[in-house]
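The next block holds one structure in the form of structure tokens; read it before the comments.
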Amino acid sequence: MKNKSIFSLDTPAMLLDLTKLEQNVNEISTIAKTNNIKWRPHIKTHKSIQIAKMQMAKGACGITVAKLEEAEIMAEAGITNILIAYPLSNSRKLQRLQSLAEKTETTIAIDSIEQAILVNKAFVGRKRLEVWIKINSGLNRCGIEVEEVVELATAITKLPNLTLTGIFTHAGHSYAASSLEEVKAIATAEAKVVLQSAKACEEVNIPIKHRSIGSTPTFKFGAKIKGITEIRPGNAAFFDMCQVGLGVTTPSRCALTILASVVSCKKERIIFDTGSKALSLDQGAHGNKSVVGYGSIINYPEVTLARLSEEHGVGTLSSKTSLKLTDKVQIIPNHSCAVANLFDHYIVHHNGLIVDEWLVDARGKMK
């Protein structure tokens, strides 16, 4: 397969442009170094040991994961500094966390006193577990409010098996921004709630070493704010049409594409072999619609991928197209994180020639 054209592949196939991936990863690394802060990429985007190790080699201090299973897979591969940015509390997960924490530097999110008590109980007689408080900065998902942070932090300091070292947030509501100026404002507010929370804790003699922010839309702006110590972008390794729609990047920086074939041509529509099982039905993150259609077909702007069923992508035409039966195209997905979880492998290419095949190691790991 190596050195063959990507267009020799059967479809659908998930393609990863190595040059663009490296460009994106290098940019994040440079931003962190320039601002003298740490960088802890969220690997839920790519779910790949190969890419996580590339990010570590470029200076990442560790990784962020969404799920315990993702952490376990990365730990088995030798990545041992892991933030689980999720409030674990049920007994089965805490049992697994005990094993993981014995062999890694694992940190988990805490967002309630009740959860903190459960985690503390699970770590009786074990190595103290490092925890970070999650703050709500506007997404209104997990996370406590700023005015609640001192109460929670104080409670954690009284639990003998936990060590509080950080405060973090995720400004996912930045995906609903209508302009880049609004993204910048959200980034400022994101940093502000973390810094306010840390200050409130330190005023009652609870030190906060780590102050972490950074959704993909906001991390470039938040990285510059004094007092922030870490950024955690995930999607920025690949980018996608949602990020293009926000004005955060351009299509030329989108590293992940789906190779599709034309399977039927009709008078006013073209059908591809990439439905919702290859592209997903996302039109924006966190339920916020920011794009038209279900992916951008490279070099064919006259085709809008207007409708997906499970196996079919239906493109409508704004003008005549040169596409014909069996032709192949690359499609930039709307949401690369969701799409990466639909395939077993990345077909890695350079200038359109296949150079490698990488596993999506944590594909489908939801527990």
Side-chain angles (χ1 to χ4, degrees), residues 1-34 39 41-60 63 79 214 216-217 219-220 223 231-260 274 278-279 291 295-301 328-363:
M1 185 184 291
K2 287 186 179 181
N3 297 318
K4 289 186 177 181
S5 168
I6 55 174
F7 291 99
S8 68
L9 293 166
D10 200 359
T11 58
M14 184 166 67
L15 309 177
L16 183 56
D17 188 311
L18 185 57
T19 301
K20 293 178 182 180
L21 171 64
E22 290 178 337
Q23 182 181 11
N24 294 340
V25 169
N26 286 337
E27 181 183 44
I28 303 166
S29 178
T30 298
I31 287 170
K33 289 175 183 176
T34 300
W39 161 46
H42 208 313
I43 63 89
K44 75 178 180 67
T45 293
H46 54 72
K47 295 176 177 280
S48 162
I49 292 168
Q50 185 85 21
I51 300 173
K53 288 187 172 181
M54 173 192 291
Q55 292 170 318
M56 295 290 290
K58 296 288 187 179
I63 62 170
I79 297 172
T216 286
F219 83 90
K220 293 180 184 179
I231 51 174
R232 306 185 322 280
N235 183 276
F238 290 167
F239 290 125
D240 52 29
M241 288 309 296
C242 286
Q243 303 296 338
V244 173
L246 288 168
V248 170
T249 192
T250 62
S252 65
R253 291 290 296 276
C254 294
L256 192 78
T257 60
I258 300 301
L259 187 69
T274 43
L279 287 169
V291 293
S296 177
I297 303 171
I298 296 176
N299 296 328
Y300 295 94
K328 294 177 182 177
V329 298
Q330 289 185 74
I331 302 172
I332 304 173
N334 288 347
H335 190 184
S336 59
C337 309
V339 167
N341 197 47
L342 297 173
F343 288 82
D344 292 323
H345 299 89
Y346 296 102
I347 305 300
V348 184
H349 66 99
H350 175 67
N351 292 333
L353 295 179
I354 299 167
V355 296
D356 212 343
E357 184 175 303
W358 296 347
L359 276 173
V360 186
D361 302 273
R363 179 193 176 189

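What you see is a predicted model; the values in this text were computed from it and never measured.
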Could you grab the distance from atom CG of L21 to atom CZ of F238, nearest 0.5 Å is fine? 6.0 Å
Can you measure from CD1 (I331) to CG (L15) and round to the nearest 0.5 angstrom? 10.5 Å
Between C254 and K20, the two heavy atoms sitting closest are O-CD, 3.5 Å
Would you indicate whether the side-chain heavy atoms of I354 and I6 approach each other to under 4.5 Å? yes
Main-chain N/O of E27 paired to N24 side chain as donor or acceptor, under 3.5 Å: no
Restricting to non-hydrogen atoms, name the atom on G352 and the atom on H349 that form the minimum distance, rounded to 0.1 Å. N-ND1, 3.6 Å
What distance separates H42 NE2 from I63 CD1, expressed to the nearest 0.5 Å? 9.5 Å
Is M14 close to D344 at the side-chain level, that is, under 4.5 Å between some pair of heavy atoms? no
So which heavy atom on P41 is nearest to which on A60, and how close? CD-CB, 3.5 Å
Looking at R363, is its backbone amide N or carbonyl O close enough to the side chain of N341 to form a donor-acceptor pair, meaning the two atoms are under 3.5 Å apart? no
Within the 4.5 Å heavy-atom criterion, are N235 and H335 side-chain neighbours or not? yes
Would a 4.5 Å heavy-atom cut-off, applied to side chains only, mark W358 and M54 as touching? yes
Can you name the nearest heavy-atom pair linking V244 to P251, along with the distance? CG2-N, 3.8 Å
Locate the shortest heavy-atom distance separating M241 from S296; write the atom from each residue and the value. SD-CB, 3.6 Å
Should L359 and H345 count as side-chain neighbours, where that means a heavy-atom distance under 4.5 Å? yes
Checking the side chain of S29 only, and the main-chain atoms of V25 only, is there a donor and an acceptor separated by less than 3.5 Å? no
Please check if any side-chain donor atom of N351 sits under 3.5 Å from a side-chain acceptor atom of T19, or the reverse. no
Examine distances only and state if a side-chain atom of Y346 and a backbone atom of H46 form a donor-acceptor pair shorter than 3.5 Å. yes
Passes side-chain contact (heavy atoms from CB on, under 4.5 Å), L9 versus M1? Steps please. CA-CA 9 Å; L9 293 166; M1 185 184 291; 4.1 Å; yes
Can you measure from CG (L256) to CG (D240) and round to the nearest 0.5 angstrom? 8.5 Å
Does S48 reach the side chain of D361, with side-chain heavy atoms less than 4.5 Å apart? yes
Show the nearest heavy-atom pair for residues I28 and A237, with the distance to one decimal. CD1-N, 4.3 Å
Do F239 and V248 come within less than 4.5 Å of each other through their side chains, counting heavy atoms only? yes
Between CD1 of I258 and CZ of F343, what distance do you get to the nearest 0.5 Å? 4.0 Å
Mind checking the CG-NE2 spacing from D17 to H350? Nearest 0.5 Å is all I need. 8.5 Å
According to the ring-ring contact (aromatic ring centres under 6.0 Å, His included) rule, which pairs have a member within residues 4-29, sequence neighbours left out? none
Under a 4.5 Å cut-off applied to non-hydrogen side-chain atoms, are T11 and T274 in contact? no
